[in-house]
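The structure appears below as C-alpha cells.
Order of appearance sets the numbers: ligands from 1, and atoms from 1 within every ligand.
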Amino acid sequence: MSIKGTTFMNNNSVSGVSRMRQSQSLRVSGRYPMVVSMMNRNGRPETSVGVSVDNVVKEVNGPIMVEVVDRKLKQQSSVVVEGSSDDVYIEDMSTKDEYVTPLSVSVASGYSLLRNPRHNKGLAFTENERDAHYIRGLLPPGVVKQDLQVKKTMNDLRQYEVPLHKYQAMMALQERNERLFYKLLVENVEELLPIVYTPTVGEACQKYGSIFKRPQGLFITIEDKGRILEILNNWPEKDIQVIIVTDGERILGLGDLGCQGMGIPVGKLSLYTALGGIRPSACLPITIDVGTNNEKLLNDEFYIGLRQKRATGQEYAELMNEFMSAVKQNYGEKVLIQFEDFANHNAFDLLAKYSPTHLVFNDDIQGTASVVLAGLISALKLVGGSLADHRFLFLGAGEAGTGIAELIALEISKQTRAPLEEARKKIWLVDSKGLIVKSRLNSLQHFKKPWAQEHQPVTDLLDAVKAIRPTVLIGSSGVGQTFTKEVVETMSSFNKKPIILALSNPTSKSECTAEQAYTWSEGRAIFASGSPFGPVEYNGKVYVSGQSNNAYTFPGLGLGLIISGAIRVHDDMLLAASEALAAQVTLEHIEKGLIYPPFTNIRKISAHIAAKVAAKAYELDLASRFPQPENLIAYAESCMYSPNYQKYR
Ligand SMILES: O=C([O-])CC(=O)C(=O)O
Ligand SMILES: [Mg+2]
C-alpha cells in the first residue's frame, strides 16, 4: 500500500490526511464542497509549485485530481481533505486503491459502528470489514448485499397495513441505517413518498407526541432567546447546506400542531436527499416552538411542546430575528433556509423581511407556485391557448393561492409584455368571505389586496364559478370537499376540458377526490391534486391523475442553488424551475391526461431543474461558485448523494 493515510473524525465531519510521494497521483473525490490543501511538514499550507491544483487551498464541488508532478515537492508533504463524512474518499491512481476516509483507523468501530446510522451497513459488512472494524461476532455470520437488504426491507414494510406503521418503520430504519433508508426511498419513490411524506406525515405530526422516539432535528423555543447560537452548535453536523424551519402553526391543512410540526421539516429534508441528492449530513430540520393555540394539544398528556399560547408580535419577531442571524453567522450566507407551514400572518412577512439578506424561500408560497405553473404549462398542451387566454379562479387566498396567482401573473406578463397589474386581471380569488373585489379592499389582509378586482360582491364559490366562468379552478383553501358536484358540473358545462387542481393536503383536505372530478365532469376534467390519488375507472376507462405538490421542485431548486453557490432566490429561478419541470412532461404523458411526469424519474427531473436554476443564478449574477460548470445537468447529477454503501478500508 503506498499511502499511509490517517483519518480522524470530529463531530461527524471528516478530514483525511495522506502523505504524498513524489510523482504520485491522488484522486480526491467528494460530492459537495470540500477543502483540499497541501501541507508541508510543519502542517502549514504548502506553497511550493509542483501540485496541479491551481490553488493551495481550494474549495471544490466534484472530484478533483491532486497530482504531484514536481520532484521538488518535499517527501513530507501531505494532502489534507476536509469535507462531509458521507462521500469524501481518496484514491491512489497508480495502484487504484480506494480509501474511504470516514471509516479508517480511529473512526467509530465495533459496537458503536453498528449503532451509527450514517455508517452502519448491518449484515452487508464484508468479512474483511468485520475484522478491520472489530465487529466480528457482533453480527450473525451471513453477509448480504445491499440489494437484498432492500428487497427484504420492502417485503417487511408491505406487511404493515396501516400507513402510519409503515411511517414508523421507515423512521426506525432511518435511525438505524441511513443509506439503506435512502436506497429504499430512491428505488421505490412512488410507493414510499406517500409514507414518509404527504399524506401520512400529516397523521404522524398529529400523533408526533406519542410516536416520538429520537430527535431528528433541532427544537428552538421562545425560552431559548439569547441562546440560539449555542443550540445550533449542539447539532452534531457543522457543514449545513439546507435548513427547513417551521413554527408548526399551519401544518398542511391540519392547522396549528405546535411543536409536533417537526415531522414536516424531517420529511421534506429526507426528500431533499432522496429526490434532490443533497447529502443527509448537510440537512437540518428545525422547529421553532413559540407555543400553540391548539387547546387539544395543550391538554394532551403526550404533547411534547411548550404548554403555552403562541407568543406573537415583537416577542415572536425578536426570536425569529435571532434565529435568522444565528443561522447566517454559523453556516454562512449560502445556507438555504426553507420556510415551511407558517401561518399566513407570518409567512409573507418573514419572506419579505429576509429575502433581501438571506438565501430563503417559502415552499408554500413559491415552491407550490412553481409546480402549479409547470402543471398549467403542460395542461395547455391539452386544452390549447396560451396562459393569457385563460381565466383562473382560486378557492383560498392564502400562501399557496396568492403565491401561485402571482407566479402565473408574472409568467403572463413575461409572455405578453403586459404590465403585471394587467396580467393579474386574468386571475380571481375567493376566500372565506367570497370573491375578492374592490369593495372589500379596506378590510383585506395586505397579501390579498393586489387581487381585488372590479366586480360586484359574490359570496360563494359556486356563484363565483358562474359569474367568472373560469377555465382553470384551483383549490388551496385547506378545506376538504369544497369542490362540490355542482361546482365541478358547472365548470364542465362551459369548458370542454376543465382544469381542476385540488391542492389542499392531506387527502382529507383535498377540495375533491380524483374520482369525483372525473365522474362529475364525465371524464373530461384535467385533474391533479396535492395529495396522491390512485387511478380511477370511469365508464370503462382508467384515469391517472398527477400530484401537484411542491415536492416536484423544492429538491431540484435547492440543489441548483447549492451547486451555483447562490446567495439569493429570485422569482426568475422559480419560473426556470417551472419550465424545467414542464419540459419533463412528454407527449406520452400528455396523451394520458398527465400534466406531471411520474415521480419515478425524479432524480433526473431534479437535475434538470437544478441546472436551469443554477444557470439563472449565474445569469443574474447571484452565483458565487466559479468557474461555472459547462454542463450543468451532468454536474448536478455528479453532485448527488448516492445511497449505495461505501467500501470501508
Ligand atoms: O407538504 C406538502 O405536501 C405540500 C405543502 O407544502 C403543504 O401542503 O403545506
Ligand atoms: Mg407546506
Taking [atom1] in [X] as the centre, count heavy atoms belonging to other residues, nucleotides or ligands within less than 6.0 Å. Is the count above 12?
X	atom1	result
Lys449	NZ	yes
Arg214	CZ	no
Lys485	NZ	no
Gln308	CD	yes

Which of the protein's N, O or S atoms come within less than 2.8 Å of the Mg ion (ligand 2), not counting waters?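 Under 2.8 Å from the Mg ion (ligand 2) - ignoring waters, which are not counted - the protein N, O or S atoms are Glu340 OE2, Asp341 OD1, Asp364 OD1.
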Pairs of nitrogen or oxygen atoms, one from ligand 1 and one from the protein, closer than 3.5 Å: please tabulate them with distances.
{"unit_1": "ligand 1", "atom_1": "1 (O)", "unit_2": "Tyr197", "atom_2": "OH", "d": "3.4"}
{"unit_1": "ligand 1", "atom_1": "1 (O)", "unit_2": "Thr198", "atom_2": "OG1", "d": "3.4"}
{"unit_1": "ligand 1", "atom_1": "1 (O)", "unit_2": "Lys268", "atom_2": "NZ", "d": "3.2"}
{"unit_1": "ligand 1", "atom_1": "3 (O)", "unit_2": "Tyr197", "atom_2": "OH", "d": "3.3"}
{"unit_1": "ligand 1", "atom_1": "3 (O)", "unit_2": "Thr198", "atom_2": "OG1", "d": "2.4"}
{"unit_1": "ligand 1", "atom_1": "3 (O)", "unit_2": "Asn505", "atom_2": "ND2", "d": "3.4"}
{"unit_1": "ligand 1", "atom_1": "3 (O)", "unit_2": "Asn549", "atom_2": "ND2", "d": "2.8"}
{"unit_1": "ligand 1", "atom_1": "6 (O)", "unit_2": "Lys268", "atom_2": "NZ", "d": "3.0"}
{"unit_1": "ligand 1", "atom_1": "6 (O)", "unit_2": "Glu340", "atom_2": "OE2", "d": "3.0"}
{"unit_1": "ligand 1", "atom_1": "6 (O)", "unit_2": "Asp364", "atom_2": "OD1", "d": "2.9"}
{"unit_1": "ligand 1", "atom_1": "6 (O)", "unit_2": "Asn550", "atom_2": "ND2", "d": "2.9"}
{"unit_1": "ligand 1", "atom_1": "8 (O)", "unit_2": "Asn505", "atom_2": "ND2", "d": "2.8"}
{"unit_1": "ligand 1", "atom_1": "9 (O)", "unit_2": "Arg250", "atom_2": "NH2", "d": "2.6"}
{"unit_1": "ligand 1", "atom_1": "9 (O)", "unit_2": "Asp341", "atom_2": "OD1", "d": "2.9"}
{"unit_1": "ligand 1", "atom_1": "9 (O)", "unit_2": "Asp364", "atom_2": "OD1", "d": "2.9"}

Going from NZ on Lys414 to CG on Leu387, what distance comes out if it is rounded to the nearest 0.5 angstrom?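 The NZ atom of Lys414 sits 10.5 Å away from the CG atom of Leu387.
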Donor-acceptor contact present, side-chain Thr273 to main-chain Ser270, <3.5 Å: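 No: the side chain of Thr273 does not pair with the backbone of Ser270.
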Look only at the side chain of Ser378 and the backbone of Ile595, and say whether a donor-acceptor pair between them is shorter than 3.5 Å.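 Yes, because the side chain of Ser378 sits within donor-acceptor range (under 3.5 Å) of the backbone of Ile595.
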Less than 4.0 Å between a side-chain N and a carboxylate O, is that true for Glu579 and Lys612?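 Result for this pair is no, no salt bridge flagged.
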Is there side-chain contact between Ile500 and Val488, with heavy atoms separated by less than 4.5 Å?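 When only atoms from C-beta onward are counted, Val488 and Ile500 do touch, with a gap below 4.5 Å.
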